[in-house]
Amino acid sequence: MKFASSYEPNQYEADIYAAWEAAGAFNPVVPAVPIDNNSDGIDDRFEKNGRYYSIVMPPPNANGNLHIGHGLTVALEDSLTRYHRLKGESTWYVPGADHAGFETWVVYEKALEKDGHTRFEFSRDELYARVWDFVQMQRGNMELQLRALGASCSWDDLTFTLDENVVDRVYTTFEKMWNDGLIYRGEKLVNFCPKHQTAFADIEVEHKDEKGTLWELAYDDIIVSTTRPETLFGDTAVAVNPEDERYQHLIGKTVHLPLTNREIPIIADEHADPEYGTGAVKITPAHDFDDFEVGNRHNLERIQVISEDGHMINVPEKYEGLTTEECRKQVLKDLKDQGYLKGEKKIVHSVAHCYKCGTVLEPMLKEQWFIDVEKLAKTAIEHLERDEIKFHPENKKRVLINYLKNLKDWNISRQIPWGIAIPMFRKVTAEATDEPDWIFDRRTNLTEIEKSGVTYVRDEDTFDTWFSSSHWPIVCTDWSEENPTPYYPLNVMETGADILFAWVARMIMMGLYVTGEVPFKEVYLHGLVLDEHGQKMSKSKGNVINPMELVAKYGSDAFRLGILRGRSAGMNQAFSENSVVSGRNLCNKLWNISRLIQSIIDEDENEGAPENALSRSINDNGSFTERPSPATAGARERSEKDAFLAPTYTTLNQGEDWICREINDCISQLETDMKEYRFAEAVETLYQTIWDKYADWFLESQKIYRNVPLLKITLEHLLIALHPFAPFLTEAIWQNLSWTDGFIMTAKWPSELNFDPMTAEQFENIRTIVSEIRTTSQALSGTNKSKKYPLLYDNDSLVEDNILLIKTLTRVPDINPLNGAPRGLRLALANHEIYLDVPEQTVKDYKDALTEKILAVGRELDALNLRMSNPNYVERAPEHLVKETRDQIKEKQALIDRLKAQQELI
RNA sequence: GGGGAAUUAGCUCAGCUGGCUAGAGCGUACGAUUCACAUUCGUAAGGUCACAGGUUCAAGCCCUGUAUUCCCCACCA
C-alpha cells in the first residue's frame, strides 16, 4: 500500500513537475512545420484545425512575483491546454516573460536613487545595460511560480519581450508602417509624468475625481474661469461661445493679460460652455488638451511655460524656476493684490494621475512618434464584424468595436531607457538639405550612423510596451512571411478583461496588419479576482491574497479548483480561501477513493484470483462468495479501442451500469463546458460525479459487489477527466496505482463506457428507496435519538436482490419479507411494497407529518391539473411536454393514493 | 454625456435555446460514526428570482420602464 491516509501535495508536486519537464511532456508532439507551399493549402488548413492547439501566456513581469490574477490565468489556460492535450491535439502553450518597461524602470530608478544616483548620470545605453543586468539578477521567481501552479507550458519556447526575434519583428513592422506612411512625428500634447519624466498613452492615464478651486480672473472687461491660474503666462486667447449673447460684442477684440504686458484676442469657439463658470475661458494651447485643439482651430501660438520637470519657464523673472504649485500661490497673491481676482468657488473635477506614482500628470508639448490608427482600426472592425473572433463573454466584442471606432492616434514614444529603442535616426548635418530629417535604420546598437556622408543620431526614445506586445501571438508562434505556422492564429487568447483595449485591440490590429489574419480564433476574458467581500484587492486595504501562499498551504490543485469555482467570463468576482479549502477536500476525497480501490485490488491479487475474475458478493459474516455471471444482466465487453490498462469489464448489477452511465454523462458534459469555456460548471460537474455519485453510491455498493476491472476503468476515467483541473493530484494517484503506466498527463481522453440503460435506471429506484428510508427514519426518530427500525418488504425482487446494499446504505438493522398483513409505516415515495417496522405509537406521532405531505403533493397535483385544463397548453406546447405532464399527474395521483393508504394503516 | 454589466437562499455564485416543482458550495441546525476519507457520513431549514408593466399555453430567462450597485470611455476652463 503506497497511499498515505491523506493527500499531502507538498510531497508530490515538485517531483511530478520535474518528471514531466524532464520527459519533455510539455512540448508539442507535432513540431510546427511550415505548411507545404506546393499543395493548394486548403487541406492543410483544414487539418490544422483538428490537430493543432495553441495558446500563449500573457507574459508576467520577468522579475516580479505572480499575483492572484496570474493564478487565475494559469488555472484557466493550463486547464484548456491539458484538456486539449488529453484529447490528442498537438498542444503548444507558449510561456512568456515581460520586460515590463515602465514597471521595471520605476523599480530600478528607485534602487538607483537609494544608492544616491540619478538617471541623468548615465547615457541611455548605459542605463539599458544596467537594467538588463538588474533584471537578469532578479529573474526567475516568476518562472518557478508558474511551475508551482502546474503550468504545462513549453519552456524551451519561452519568449522574453526583449528577445532578438521580438525586436526584429517589431522593427520589421515599424519599417513597413513607416513606408506605408502610418507613422508620423508630431508635436502634440501628451500626458507627461514630471516625476518619471516620460509620456504615456491615453490608456495608461488614471483619472481621479478631486476637489479643486475654480478661480475667476478679470482680463479687462471679461472674466475668465480657471483651475490653473499659473498657466496664464501661456495664454494666447480667451474663448467664448459663438452663441453666447453676453460676449458677442467682445469677439475679435483684445484684452490685457494680467501680470504681463501682452494683449490676447477674444475668439469664438464651441469649446466655451456658456453654462460653465463665467462662460469665458482662457486658452493655453501648450498646457491643456482642449486648448490645444482650440489653438489649432484658430492658429494660436503655443507658449510652453512649464518645463518637463515641473518648473516655470518663459515667464517673468519673478516666477521663473518656481514649481507649478509655488507659482500658483504667487500668481494668486499677485492677482489678488492687483485686483484681478474676482471670485473663487470649490468644485470637483477629474485630474489625470500617473498610474504608478500618483503624481498629477502635466499635459506637455512634445515631439513624439504616432501611429495613424484609422486604417488599422477600420480593418480590425471589419474582421470583427465578420465574426472571425468569438468572444467570451460575447458582449465584449461590441465594446471593443465601439472603442475602435473612437480610437485616437497612438503615441508610441516613451522616454524610458528600458525598452526597445525606436529605430529612427535624426539628421544632424545641417547643410545636407536634400536628405530627409529622419531615416529608419535597424542599427539601434549605435547612437550615431552615417549614410551618404550625412550624420544621423538615434532617437533616444523607446517603444510603448503595447507596441511590441501587440505582436505577441506572432512572435510566440514564430510566424513569419516565409514560414506561416499552423499554430497561428492561436486557438484562444486568454487574458484579463481590463486590458481589452490596451492589448487585445492592438493584437488584433497588428495581427491583421502583419499577417493578414486575425491573431486568434477566440478570446476568453477573465474579470478581476476580488476579495471575499467583493472588494478590489489592494495593498492599502490589506486584503491582497498571495496565490503562492495558498499553493503552499493547500496545494496547487486545491488552488486551481478553488479559483475556478463560481467564476464566469468577464465578471469581477469574489474569491476566498474557503473555495480553496473545498478544492483541497475534493483532492483528499479522490485520493482516498483511489486508496480504497487500490486496497481492494491488492486484496484481490493477494488472493491470487485471476485478473478478470468476476465480481463476488460479501456474505453476512464478511466472507466472499463468487457471484455467477448472470446472463440476463447483459454483460458488456469492453471494446478494444476503449482499452486502457485495465482488462475488459462486465457489469453485473444495477450500480455498475448506473455509474457507467453517470461517468459518460459527466464526460460529455465536460466536453460541452470546455467548448463553451464554462470552467466553473466543468469543475462542478466533476465534483458531483466524483463525490456524490462515485464515492457515495457506487463505491459504497462496491463494498459489497467487487468488480475489479470496472473499478479500475472507472477510476481511470475520472482521474483523466479531472486531470486538466487538478494535474498534480491525478498524476500522483496515477503513479501510485499498481496497474497504471506512463504519465496521466499524456494519457488518452476516455471514450464511452458500455452499459445497460434499463439496469442503470433501476439503480435510481434503489436510490429513491434508500433516500426515503433515511429521511423517514430521521423524521421518525425525532426526540428518539435516531432509533433505527427494521425494514419489511412484500414480494419485491428489487429489494430482495439488494438487501445487503440497502442495509449498508441505510443502516436499518434488518430487512425481512413481510409475512402476513402489512404493519408499520409504508414508504410511499418509491412505488414498492416496503414498510418500516415501527411501533404503533411512533407511527401515530408521524401522522401529522404525513398529512402535511399529502397536502403538499396535492398542491403539486393541482398545479399540474390546472396546466392540463388549459386547452391552449395541450394544443400549443410540444407534445413530449404534454405527455410528461400527463405522466406526472398519474404519478402524483398514485403517490397520493399510497400516502393515503399509509395514513389509513395508522 | 457614451458604452457595458449586475441585482436569484445568511454569504459567494450557477441556472446555456422560455418548459422550474429555481440549484450548488460555504454557513446554520439536528443526527451518525472510528480500518478509504472528521479534509468524513446522513437529514433538514432557508427563495415574492430588485420593483412595475407587457409578450406567451408557459417568464428567473424575452420586451418596456423604474430603482440600486459596479466597471470602462469621454468631458469637466
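Letters A, B, ... mirror the listed sequences (proteins, then strands); counts begin at 1.
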S.K.: What residues, two or more places apart in sequence or in another chain, satisfy side chain to side chain donor-acceptor pair (under 3.5 Å) together with A:Asp269?
M.R.: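 By the side chain to side chain donor-acceptor pair (under 3.5 Å) rule, A:Asp269 matches A:Arg297, A:His298.
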S.K.: If you restrict it to nitrogen or oxygen atoms, what contacts under 3.5 Å exist between nucleotides 23-27 of chain B and the protein, and what is each distance?
M.R.:
residue, atom, partner, partner atom, Å
B:A24, O2', A:Glu684, OE2, 2.8
B:C26, O2', A:Asn578, ND2, 3.1

S.K.: Could you check whether A:Leu214 gets within reach of a base, just the sugar-phosphate, or nothing at all, counting any heavy atom under 4.0 Å?
M.R.: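 Contact class for A:Leu214: sugar-phosphate only.
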S.K.: In whole angstrom, what separates A:Ile347's CD1 from B:C75's C1'?
M.R.: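 In whole Å, B:C75 C1' and A:Ile347 CD1 are 12 Å from each other.
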S.K.: Please compare A:Pro274 and A:Phe575 by the position of their nearest nucleotide in RNA chain B and report the one closer to 5'.
M.R.: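 Result: A:Phe575.
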S.K.: Just how far, in rounded Å, is P of B:U12 from CD of A:Gln535?
M.R.: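 Rounded to the whole Å, the gap is 11 Å.
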S.K.: Cation-pi check for A:Trp215 against A:Arg328: NZ or CZ below 6.0 Å from the six-membered ring centre and within 45 degrees of the axis, yes or no?
M.R.: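 Pair A:Arg328/A:Trp215 does not count as cation-pi.
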S.K.: Just to verify, which of A:Gln573, A:Lys536, A:Gln535 counts as forming a side-chain contact (heavy atoms from CB on, under 4.5 Å) with A:Leu530?
M.R.: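 By the side-chain contact (heavy atoms from CB on, under 4.5 Å) criterion, A:Leu530 pairs with just one of A:Gln573, A:Lys536, A:Gln535: A:Lys536.
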S.K.: List in chain and number order the residues that pass salt bridge (Lys or Arg N to Asp or Glu O under 4.0 Å) with A:Lys390, two or more places apart in sequence or in another chain; answer none if no residue qualifies.
M.R.: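 For A:Lys390, no residue satisfies salt bridge (Lys or Arg N to Asp or Glu O under 4.0 Å) once neighbours in sequence are set aside.
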S.K.: Reckon A:Lys589 touches a base, only the sugar-phosphate, or nothing at all at heavy-atom distances under 4.0 Å?
M.R.: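 Base contact.
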S.K.: Could you list all N or O pairs between the protein and nucleotides 42-45 of chain B that sit under 3.5 Å apart?
M.R.:
residue, atom, partner, partner atom, Å
B:G42, OP1, A:Asp696, OD2, 3.3
B:G42, N2, A:Gln778, OE1, 3.1
B:G42, N3, A:Gln778, NE2, 3.4

S.K.: Considering only B:A5, B:U12, B:C37, which nucleotide approaches the side chain of A:Ala574 most closely?
M.R.: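 The closest nucleotide is B:U12.
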S.K.: Only counting residues at least two apart or in another chain, list the ones meeting salt bridge (Lys or Arg N to Asp or Glu O under 4.0 Å) with A:Arg811.
M.R.: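 Not a single residue meets the salt bridge (Lys or Arg N to Asp or Glu O under 4.0 Å) criterion with A:Arg811.
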S.K.: Separation of A:Leu596 atom CG from B:A36 atom P, in whole Å?
M.R.: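 Taking CG of A:Leu596 and P of B:A36, I get 7 Å after rounding.
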S.K.: Please list, in numerical order, the residues of residues 394-401 of chain A that have a heavy atom closer than 4.0 Å to any atom of RNA chain B.
M.R.: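 A:Asn395, A:Arg398, A:Val399, in order of number.
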S.K.: What's A:Ser576 touching, base or sugar-phosphate or nothing? Going by heavy atoms closer than 4.0 Å.
M.R.: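 No contact.
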S.K.: Heavy atoms only, 4.0 Å cut-off, all strands: where does A:Glu700 land among base, sugar-phosphate and nothing?
M.R.: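 Base, at least one base heavy atom under 4.0 Å.
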S.K.: Given pairs defined as Watson-Crick or G-U wobble with both distances under 3.5 Å, what dot-bracket annotation applies to RNA chain B, with ( ) intrastrand, [ ] crossing, | other strand and . unpaired?
M.R.: (((((((..((((.....[...)))).((((((....).))))).....(((((..]....))))))))))))....
S.K.: Show each protein N/O and nucleotides 19-21 of chain B N/O combination with a separation under 3.5 Å, one pair to a line.
M.R.:
residue, atom, partner, partner atom, Å
B:U21, OP1, A:Arg867, NH2, 2.8
B:U21, O2, A:Glu860, OE2, 3.4
B:U21, O4, A:Lys892, NZ, 3.4

S.K.: List the atom pairs, with distances to 0.1 Å, where a side-chain N or O of residues 580-587 of chain A and a protein N or O form a donor-acceptor pair under 3.5 Å, not counting sequence neighbours.
M.R.:
residue, atom, partner, partner atom, Å
A:Ser582, OG, A:Arg565, NH1, 2.9
A:Ser582, OG, A:Ser579, O, 3.3
A:Ser582, OG, A:Tyr687, OH, 3.1

S.K.: Residues two or more places apart in sequence or in another chain: which of them pass salt bridge (Lys or Arg N to Asp or Glu O under 4.0 Å) with A:Lys883?
M.R.: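 Applying salt bridge (Lys or Arg N to Asp or Glu O under 4.0 Å) to A:Lys883 gives A:Asp887.
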S.K.: Relative to the ring of A:Trp591, is the ring of A:Phe3 parallel (under 30°), tilted (30 to 60°) or perpendicular (over 60°)?
M.R.: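 Ring orientation of A:Phe3 relative to A:Trp591: perpendicular.
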S.K.: Quick one: list whatever passes salt bridge (Lys or Arg N to Asp or Glu O under 4.0 Å) with A:Arg228, sequence neighbours left out.
M.R.: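 Result, salt bridge (Lys or Arg N to Asp or Glu O under 4.0 Å) vs A:Arg228: A:Glu230, A:Glu362.
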S.K.: Return the 5'-most residue of the pair A:Ser6, A:Lys208 with respect to RNA chain B, ranking by each residue's nearest nucleotide.
M.R.: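 Result of the comparison: A:Ser6.
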S.K.: Would you classify A:Gln573 as touching base, sugar-phosphate or nothing, given that sugar-phosphate means primed atoms plus P, OP1 and OP2, and contacts are heavy atoms under 4.0 Å?
M.R.: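 Contact class for A:Gln573: sugar-phosphate only.
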S.K.: Who pairs with A:His271 by side chain to side chain donor-acceptor pair (under 3.5 Å), at least two apart in sequence or on another chain?
M.R.: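 For A:His271 there are no side chain to side chain donor-acceptor pair (under 3.5 Å) partners, ignoring immediate neighbours.
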S.K.: Nearest whole Å is fine: how far is B:G15 P from A:Glu676 CD?
M.R.: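 Computing the A:Glu676:CD to B:G15:P distance gives 12 Å.
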S.K.: Whether A:Arg595 contacts B:C37 is assessed here as follows: a side-chain N or O lying under 4.0 Å from the phosphate OP1 or OP2. Is that the case?
M.R.: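 Yes, within the criterion.
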S.K.: Is any side-chain N or O of A:Lys408 under 3.5 Å from a base N or O of B:A74, one able to act as donor and the other as acceptor?
M.R.: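 No.
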